[in-house]
Structure formats: C-alpha cells, structure tokens
> 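I'd like to ask you about the structure that follows.
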Amino acid sequence: MLVDMLTSRRSIRSYKSIPVAEASVKALLTAGLASASSRAIRPWELIAVDEPELLDALSRAKKHGSSFLSRAPLALVVLGIPSESDVWIEDTAIASSNILLAAHDLDLGACWIQIRLREASDGRSSESYVRSVLSIPDSRSVESIIAVGYPDESPEGYRTEDLRWDKVHRNRY
Ligand SMILES: Cc1cc2nc3c(=O)[nH]c(=O)nc-3n(C[C@H](O)[C@H](O)[C@H](O)COP(=O)(O)O)c2cc1C
C-alpha cells in the first residue's frame with residue numbers, strides 16, 4: 001500500500017560505495033518528469049550528477065547539511081524556471097518529493113538538500129555556488145539537490161500511532 005511506503009521512507013545520508021544502476025537513474029528521472037504541475041507547465045529541469053569531483057564540490061554547497069553528498073554516488077539537481085510559472089516552487093517541490101519516493105521504492109536511499117535561501121561554506125549563496133559548479137544559467141533557480149545511493153543505514157519508519165494527530169482538524173479548526 002502506498003501509505004506503508006510513505007511511512008517507511010526516511011532520509012538516508014549514508015550510502016554504499018557502489019554506483020546507482022542506470023535503469024534506476026532513468027526511473028528517478030521519470031518520476032521527476034511525470035510529476036503534477038500547475039497548468040502542466042512543468043517549469044523544471046533536472047541534472048543527474050555522478051562525477052565524483054562534482055559531487056565533492058556540491059557537498060560544500062551549504063555550511064551545514066550537505067557534506068554527505070561527497071560520499072553519495074548520485075545527485076539529482078532539481079532546477080526551477082521562474083519565468084515560466086509563478087508557482088515553480090510548488091511544482092519543483094513536488095518533483096523533488098516524487099524523486100525521494102521513487103528512490104525509496106527502488107530500495108535506494110535519498111535525502112533532500114535545501115539550496116534556496118541557504119549559504120555555501122565560502123560565503124556565497126548556495127544557489128550561486130551550485131550554479132557556478134554546474135554551469136547553470138541565471139534564468140534557472142536551484143530548488144533542491146537530491147542525494148541518492150544504496151542505503152548504508154536503516155532508520156526506522158514512522159509508526160502510525162506516533163504521528164502528530166494533534167495537527168489534524170475535522171470540519172472546522
Ligand atoms: C524542504 C526540505 C529541505 C531539507 N533540507 C535538508 C538539508 O539541507 N540537509 C539535510 O541533511 N536534510 C534536509 N532535509 C531532510 C530533513 O531533515 C528530513 O526530511 C527531516 O529531518 C525528517 O526526517 P525524514 O525525512 O527521515 O522523515 C530536508 C527536507 C526537506 C523536505
């Protein structure tokens with residue numbers, strides 16, 4: 001059941017040192033490209049990164065929370081195209097989330113790395129840092145980097161009874 005998949009998904013930041021199978025890379029890209037988007041504009045582009053030097057450079061995209069990327073075999077960088085849609089953030093967040101879920105379904109581990117509104121270790125914005133590492137034009141925004149690899153950790157999934165049911169309302173607040 002899909003809900004079981006959703007509750008067993010966790011962020012994975014530790015990976016085995018083996019490359020992600022090409023069929024799985026294609027499946028992850030398919031999941032991103034098939035995502036829902038407002039008015040079917042699909043205001044995104046994806047970059048699959050598997051060159052170790054680039055992954056190492058990207059691991060310094062943030063002061064905190066991106067270092068594990070240097071030990072990941074794959075990163076999918078989700079770009080937004082703000083000129084195409086005023087809701088590109090929502091659309092690219094959905095694409096990013098679908099990639100996370102597809103990774104879990106493929107027995108891969110994945111973790112979202114936030115780039116927008118964050119700072120790189122060298123003081124630049126994370127976004128301009130990633131742009132310069134990957135030669136991304138200024139017309140594209142960097143929504144997320146999804147680190148992917150075969151999991152080398154296995155955090156417990158969520159138990160239904162432990163979820164924050166106090167955040168749910170019915171009919172009226
Ligand atoms: C929008 C967003 C940004 C995130 N940014 C980072 C990040 O920069 N680095 C990181 O290690 N994890 C990041 N995460 C992962 C969260 O820390 C993680 O989802 C949260 O702790 C809940 O854990 P879980 O994914 O295992 O359920 C991000 C997740 C989301 C949805």
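In each ligand, atom 1 is the first atom listed, and ligand 1 is the first ligand listed.
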> Have a look at E143, R13, R10 and point out the one with the heavy atom closest to atom 21 (O) of ligand 1.
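Answer by nearest heavy atom: R13.
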> Has R118 got any heavy atom lying under 4.0 angstrom from an atom of ligand 1?
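No.
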> May I ask you to list the atoms of ligand 1 that are less than 4.0 angstrom from any heavy atom of Y158?
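This gives 22 (C), 23 (O), 24 (P), 26 (O), 27 (O) as the contact atoms.
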> May I ask you to decide if I94's main-chain N or O and S97's side chain share a donor-acceptor pair within less than 3.5 Å?
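Here the side-chain-to-backbone pair does not exist.
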> Check this for me: does any side-chain nitrogen of one of R131 and E127 sit under 4.0 Å from a carboxylate oxygen of the other?
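Here R131 pairs with E127 in a salt bridge, since their nearest N and O are under 4.0 Å apart.
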> What are the atoms of ligand 1, with element, lying closer than 4.0 Å to any heavy atom of F68?
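Reading through ligand 1 atom by atom, the close ones are 11 (O).
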> Please check: side-chain N/O of E143 versus main-chain N/O of T92, any donor-acceptor pairing under 3.5 Å?
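No; zero donor-acceptor contacts below 3.5 Å.
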> With atoms numbered from 1 as shown, which atoms in ligand 1 lie under 4.0 angstrom from a non-hydrogen atom of S11?
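Contacts of ligand 1 toward S11, numbered from 1: 15 (C), 18 (C), 19 (O), 24 (P), 25 (O), 26 (O).
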> Measure C111 to ligand 1 on non-hydrogen atoms and call it side chain, backbone, both or neither using the 4.0 Å cut-off.
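Just the side chain.
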> Considering only non-hydrogen protein atoms, determine which one is nearest to atom 29 (C) of ligand 1 and report residue, atom name and distance to 0.1 Å.
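Checked against all protein heavy atoms, atom 29 (C) of ligand 1 sits closest to W112 CB, 3.9 Å.
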> What protein heavy atom lies closest to atom 8 (O) of ligand 1? Include the residue and the distance to one decimal.
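In this structure, atom 8 (O) of ligand 1 has K62 NZ, 2.7 Å as its nearest protein heavy atom.
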> Does at least one non-hydrogen atom of H64 fall below 4.0 angstrom from an atom of ligand 1?
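H64: no contact with ligand 1 (<4.0 Å).
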> Do W165 side-chain atoms and T160 backbone N/O form a donor-acceptor pair below 3.5 Å?
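Checking the backbone N and O of T160 against the side chain of W165, a donor-acceptor pair under 3.5 Å is found.
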> Hey, which atoms in ligand 1 end up nearer than 4.0 Å to a heavy atom of R9?
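Near R9, meaning under 4.0 Å from one of its heavy atoms, ligand 1 has 24 (P), 25 (O), 27 (O).
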> Report the residue from K62, K63, R60, R124 that forms a salt bridge (charged side-chain N to carboxylate O under 4.0 Å, His left out) with E119.
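Option passing the salt bridge (charged side-chain N to carboxylate O under 4.0 Å, His left out) with E119: K63.
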> Counting N and O atoms only, with roles assigned by atom type, does the side chain of Q114 sit under 3.5 Å from a partner on the main chain of R116, one being a donor and the other an acceptor?
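Indeed, once roles are kept as given, a pair shorter than 3.5 Å links the two residues.
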> Would R10 count as a cation-pi partner of Y158, with NZ or CZ less than 6.0 Å from the six-membered ring centre and within 45° of the ring normal?
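Pair R10/Y158 counts as cation-pi.
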> Return a yes/no value for G65: is any of its N or O atoms, backbone included, closer than 3.5 angstrom to an N or O of ligand 1?
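Yes, G65 has an N/O under 3.5 Å of an N/O on ligand 1.
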> Is it the case that atom CD in E156 sees more than 12 heavy atoms from other parts of the structure closer than 6.0 Å?
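Counting other residues, nucleotides and ligands, CD of E156 stays at 12 neighbours or fewer.
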